2 protein chains.
Amino acid sequence: MVTIGDVARAAGVSRSTASYALSGRRAISLEVRQRVQEAVRALGYTPNAGARALATSQTMVIGLLAQLLEGEFAPAMLQYMLGVSDAGRELGYDTLLITEADGAHALRRITDSRMVDGLVLLNVAHQDVRLPVLRAAPQPGALVGLPGDCSGVDVFDLDFEEAGRAMVDHLHRLGHREIILISQPELVVQRGGAWVWRLRNAALEQAQRHGMVLHAVFGESRQPAVGRSLNAVLDTYPGATGLLIDNEAAAAALPMVLHLRGLQVPRDMSVIGRYSDEFAQIFSLPYSSIDSAPDRLGRLAVRQLVRRIATESESEEPYVLRLIAPDFVDRESTAPPRGQHRSGQYTGRHE
Amino acid sequence: MVTIGDVARAAGVSRSTASYALSGRRAISLEVRQRVQEAVRALGYTPNAGARALATSQTMVIGLLAQLLEGEFAPAMLQYMLGVSDAGRELGYDTLLITEADGAHALRRITDSRMVDGLVLLNVAHQDVRLPVLRAAPQPGALVGLPGDCSGVDVFDLDFEEAGRAMVDHLHRLGHREIILISQPELVVQRGGAWVWRLRNAALEQAQRHGMVLHAVFGESRQPAVGRSLNAVLDTYPGATGLLIDNEAAAAALPMVLHLRGLQVPRDMSVIGRYSDEFAQIFSLPYSSIDSAPDRLGRLAVRQLVRRIATESESEEPYVLRLIAPDFVDRESTAPPRGQHRSGQYTGRHE
DNA sequence: CTGAAAGCGCTTACAG
DNA sequence: CTGAAAGCGCTTACAG
């Protein structure tokens with residue numbers, strides 16, 4: 001392979017001069033710089049990443065710890081991953097993708113061996129076993145997902161509580177008084193998926209504040225269970241006029257379920273989802289939704305991570321906890337509940 | 001950070017002895033080996049990956065070039081990626097994920113800087129601009145996807161021609177005489193998505209051989225265009241009794257389309273798809289299908305790549321071109337065409 | 001069975 | 001403005 005020594009020889013300068021000419025870290029005469037650049041081009045020189053990492057203690061690589069857990073909606077994960085990878089590249093970083101089931105173990109391996117300059121953890125649980133490892137690591141970390149303890153890391157997530165309140169408020173404003181919330185499978189909650197219960201609890205509280213009835217249930221993650229459970233819920237609460245769907249698989253299954261029950265949206269049922277706009281477009285989910293903005297969250301996490309890598313040794317910047325405001329995408333799937341629609345009155349309970 | 005020098009000092013041996021004790025590349029007395037291992041544990045030593053890479057010219061990292069192109073079905077890509085990442089890890093390799101739009105440029109950067117020991121390219125086009133770069137690189141490469149020129153690389157793909165024939169044969173055997181094939185959007189074909197036309201051309205030939213009428217059309221990749229185009233096709237060919245769906249978005253949209261047209265599967269329409277089993281499960285696509293086996297293909301590519309990395313300098317192993325046989329997953333979405341069903345006769349044309 | 005030394009390809013103080 | 005040298009943390013011939 002062609003090394004900086006070859007470049008130096010071809011340009012008739014020392015290796016250090018060649019290095020400085022390329023990095024620009026000290027003044028170099030125009031003539032020498034041009035000779036070096038010419039040699040680089042002629043020889044097709046690219047610095048060896050491993051050697052550079054060894055010399056500078058910087059790998060220019062970010063570790064991305066994805067977690068694909070049972071009962072969760074895998075396709076959503078891809079969008080976070082792309083946000084991280086693309087943002088990293090724009091900032092000069094490559095992305096090491098770690099998908100091992102044992103995330104804590106993988107994290108220790110990656111950080112101990114100094115393969116990366118920083119880490120992004122996706123799908124962070126309330127008590128995430130990866131966090132103690134991350135805190136003990138010499139590299140900084142940024143999370144997508146809000147854990148119980150945010151110390152020592154930068155945290156980014158959707159404001160799921162605000163999302164839950166916004167969904168409830170929206171239907172309340174339209175006059176709905178009995179609604180249903182379909183969350184992720186209970187397994188996800190038991191495993192510590194705090195985002196699920198943050199939305200759920202906030203929605204329940206808000207409904208109570210408004211004097212609404214909110215039936216909060218856990219959905220399923222796969223067909224045919226998803227469809228069955230949707231039907232069961234609709235059977236159980238025939239008086240409900242609104243549906244909040246914090247569950248991608250349920251959102252995808254819902255159009256057919258409602259259709260087979262002869263229910264039209266929004267005439268017979270108002271629906272609000274919570275998923276990414278990209279997902280809505282691919283499957284044309286016809287429901288207004290809170291955009292989960294995976295791409296944006298991934299990018300935010302990387303940007304902060306890179307900032308922290310740069311300023312790591314310097315003054316202790318305070319850690320960031322940023323919950324982004326839910327963005328409501330209107331797809332006209334909500335309306336006043338039946339009966340009220342025609343009268344234009346938003347006052348009574350459902351008749 | 002703790003280095004092998006620290007370990008050596010703690011164990012009272014030289015650095016080379018410590019290194020050999022850990023690698024096992026030469027005989028070490030039991031006593032010394034134990035002292036070294038004890039020092040490693042006590043100090044929490046992990047070799048520095050960059051230093052090791054520099055010394056051995058092995059990074060133990062595989063580069064994964066994903067390509068998310070417009071008009072293609074992004075969620076499918078994730079499954080290939082996971083297959084590669086998981087298989088790599090099992091073989092001792094980490095995965096560098098490259099998602100840059102300019103794949104050829106990214107590939108050159110990664111290979112020139114020696115960040116990886118080998119490359120896996122996903123979504124390979126007929127004339128893929130990344131291939132010349134890959135062939136010129138010092139690292140070996142494995143492809144998922146069959147290009148026009150396979151020289152210098154190991155290639156893995158589904159046997160899309162056999163898949164096309166199998167789909168046609170299946171419906172022919174049941175007595176269908178007029179069927180429709182919905183492929184990916186035309187854009188995908190124009191861009192060189194050879195897998196699309198391999199299935200398509202093979203299906204057309206096979207239909208002709210059987211004396212069947214096959215209407216081959218290009219579908220769409222997003223709603224609402226997908227649904228519209230499905231309806232338009234069904235309007236155009238009212239005599240068709242079978243549907244071959246080589247298009248994930250169309251497969252996801254089809255149940256509702258057929259339902260709204262009052263068509264039951266397989267009573268009124270036989271359907272065969274081509275998508276991964278995982279995808280079928282998440283959305284419970286109710287159609288028999290050819291499994292595109294993304295996980296398996298990703299794993300095969302990595303396994304061969306690692307084999308080639310190991311034997312690279314040795315005798316020239318011939319390059320592999322492996323098209324895996326299509327696997328038919330029966331979900332009971334096919335039957336004899338209407339009318340024949342009752343008679344049990346598979347002889348006539350549709351009446 | 002073990003050690004001292006060279007070398008992988010860079011970067012960056014240290015000198016001039 | 002430029003060069004010779006040290007050093008990053010490993011591995012692996014070369015000696016003994």
Side-chain angles (χ1 to χ4, degrees), chain A residues 1-37 39-40 43-61 92 109 111-117 138-139 313, chain B residues 1-37 39-40 43-61 92 109 111-117 138-139 313:
Chain A
M1 73 177 294
V2 31
T3 73
I4 200 164
D6 301 323
V7 170
R9 197 172 321 117
V13 297
S14 72
R15 295 194 304 155
S16 59
T17 297
S19 177
Y20 283 120
L22 294 175
S23 70
R25 294 178 77 86
R26 80 176 179 192
I28 298 283
S29 71
L30 179 64
E31 194 223 329
V32 165
R33 188 175 336 134
Q34 286 178 340
R35 283 216 312 270
V36 169
Q37 283 164 350
V40 164
L43 301 174
Y45 168 74
T46 306
N48 180 296
R52 176 173 279 181
L54 186 56
T56 64
S57 303
Q58 289 220 112
T59 63
M60 300 309 284
V61 175
R109 180 171 53 80
T111 54
D112 279 359
S113 63
R114 302 293 205 280
M115 298 185 77
V116 300
D117 295 337
Q139 300 96 337
S313 43
Chain B
M1 75 176 293
V2 32
T3 73
I4 199 162
D6 300 324
V7 171
R9 198 172 321 118
V13 298
S14 71
R15 296 193 304 153
S16 57
T17 297
S19 177
Y20 283 120
L22 292 175
S23 70
R25 294 179 78 85
R26 82 175 177 194
I28 298 282
S29 71
L30 179 63
E31 194 223 328
V32 166
R33 190 176 333 137
Q34 286 176 340
R35 283 216 311 271
V36 170
Q37 283 166 349
V40 164
L43 300 174
Y45 168 73
T46 306
N48 179 297
R52 176 174 278 180
L54 185 57
T56 63
S57 302
Q58 288 220 113
T59 63
M60 300 310 283
V61 175
R109 178 171 54 79
T111 55
D112 279 359
S113 63
R114 301 295 203 280
M115 298 186 77
V116 300
D117 295 339
Q139 301 95 338
S313 45

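Fair warning: this is a prediction, and the values are worked out from it, not measured in the lab. Below, chains carry the letters A, B, ... as their sequence lines are ordered, and counting in each starts from 1.
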Legend entry - Atom pair distance, as rounded to whole Å: CE in A/Met60 and P in C/dC10: 16 Å
Inset, instruction - Choose from C/dC10, D/dA13, D/dT2 the nucleotide whose nearest atom is closest to any side-chain atom of A/Val32. - result: D/dT2
Legend entry - Length of the line joining A/Arg35:CZ and D/dC1:P, which is rounded to integer Å: 14 Å
Inset, instruction - Kindly say whether A/Ile28 contributes a backbone atom to a donor-acceptor pair with the side chain of A/Arg33 at under 3.5 angstrom? - result: yes
Inset, instruction - Let me know the distance between CZ of B/Arg15 and P of D/dG9, rounded to the nearest Å. - result: 10 Å
Inset, instruction - Counting heavy atoms from C-beta on, name the nucleotide in D/dG3, D/dC10, C/dC1 closest to the side chain of B/Ala51. - result: D/dC10
Inset, instruction - For B/Arg25 and D/dA13, give me the distance from atom CZ to atom C1', rounded to whole Å. - result: 12 Å
Legend entry - Paired nucleotide for D/dA13 [Watson-Crick or G-U wobble; both distances under 3.5 Å]: none
Inset, instruction - Kindly point out which of D/dT11, C/dC14, C/dT11 is positioned nearest to the side chain of A/Arg26? - result: C/dC14
Legend entry - Within-4.5 Å side-chain heavy-atom neighbours: A/Arg52 and A/Gln58: no
Legend entry - B/Arg35 side chain to B/Ala11 backbone, donor-acceptor under 3.5 Å: yes
Inset, instruction - For D/dT11, take OP1 and OP2 only and decide whether either is under 4.0 Å from a side-chain N or O of B/Arg52. - result: yes
Legend entry - Side-chain (A/Asp112) to main-chain (A/Arg109) donor-acceptor, under 3.5 angstrom: no
Legend entry - Shortest side-chain distance from A/Ala55, nucleotide among C/dT12, C/dA6, C/dG9: C/dG9
Inset, instruction - Give a yes/no on whether any side-chain N or O of A/Tyr20 is located under 4.0 angstrom from OP1 or OP2 of D/dA4. - result: no
Inset, instruction - May I have the distance from A/Arg9 (atom CZ) to D/dA4 (atom P), rounded to whole angstrom? - result: 13 Å
Legend entry - C/dG3 phosphate, OP1 or OP2, under 4.0 Å from B/Thr17 side-chain N/O: yes
Inset, instruction - Working to the nearest 0.5 Å, report the span between CZ of B/Arg26 and OG of B/Ser16. - result: 5.5 Å
Inset, instruction - Mind checking B/Ser19 for me? I need base, sugar-phosphate or nothing, with any heavy atom below 4.0 Å counting as a touch. - result: base
Inset, instruction - Among the candidates D/dT2, C/dT11, D/dC1, find the nucleotide nearest to the side-chain atoms of A/Ile4. - result: C/dT11
Legend entry - Presence of donor-acceptor pair under 3.5 Å, side chain of B/Ser16 and base of C/dA5: no
Inset, instruction - Measure the distance from CG on A/Asn48 to P on C/dT11 and round it to the nearest whole Å. - result: 10 Å
Legend entry - DNA chain C: 5'-proximal contact among B/Gly12 and A/Pro47 (nearest heavy atom): B/Gly12
Legend entry - Proximity to the side chain of A/Ser14 - top-ranked nucleotide from D/dG3, C/dT12, D/dC10: D/dG3
Inset, instruction - Please report, rounded to the nearest Å, how far the P atom of D/dA6 is from the CG atom of A/Leu54. - result: 17 Å
Legend entry - Paired nucleotide for C/dA4 [Watson-Crick or G-U wobble; both distances under 3.5 Å]: none
Inset, instruction - Output the distance between atom OH (B/Tyr45) and atom CE (B/Met1), rounded to the nearest 0.5 Å. - result: 7.5 Å
Inset, instruction - Would you mind reading off the distance between A/Met115 atom CE and D/dC10 atom C1', rounded to a whole angstrom? - result: 15 Å
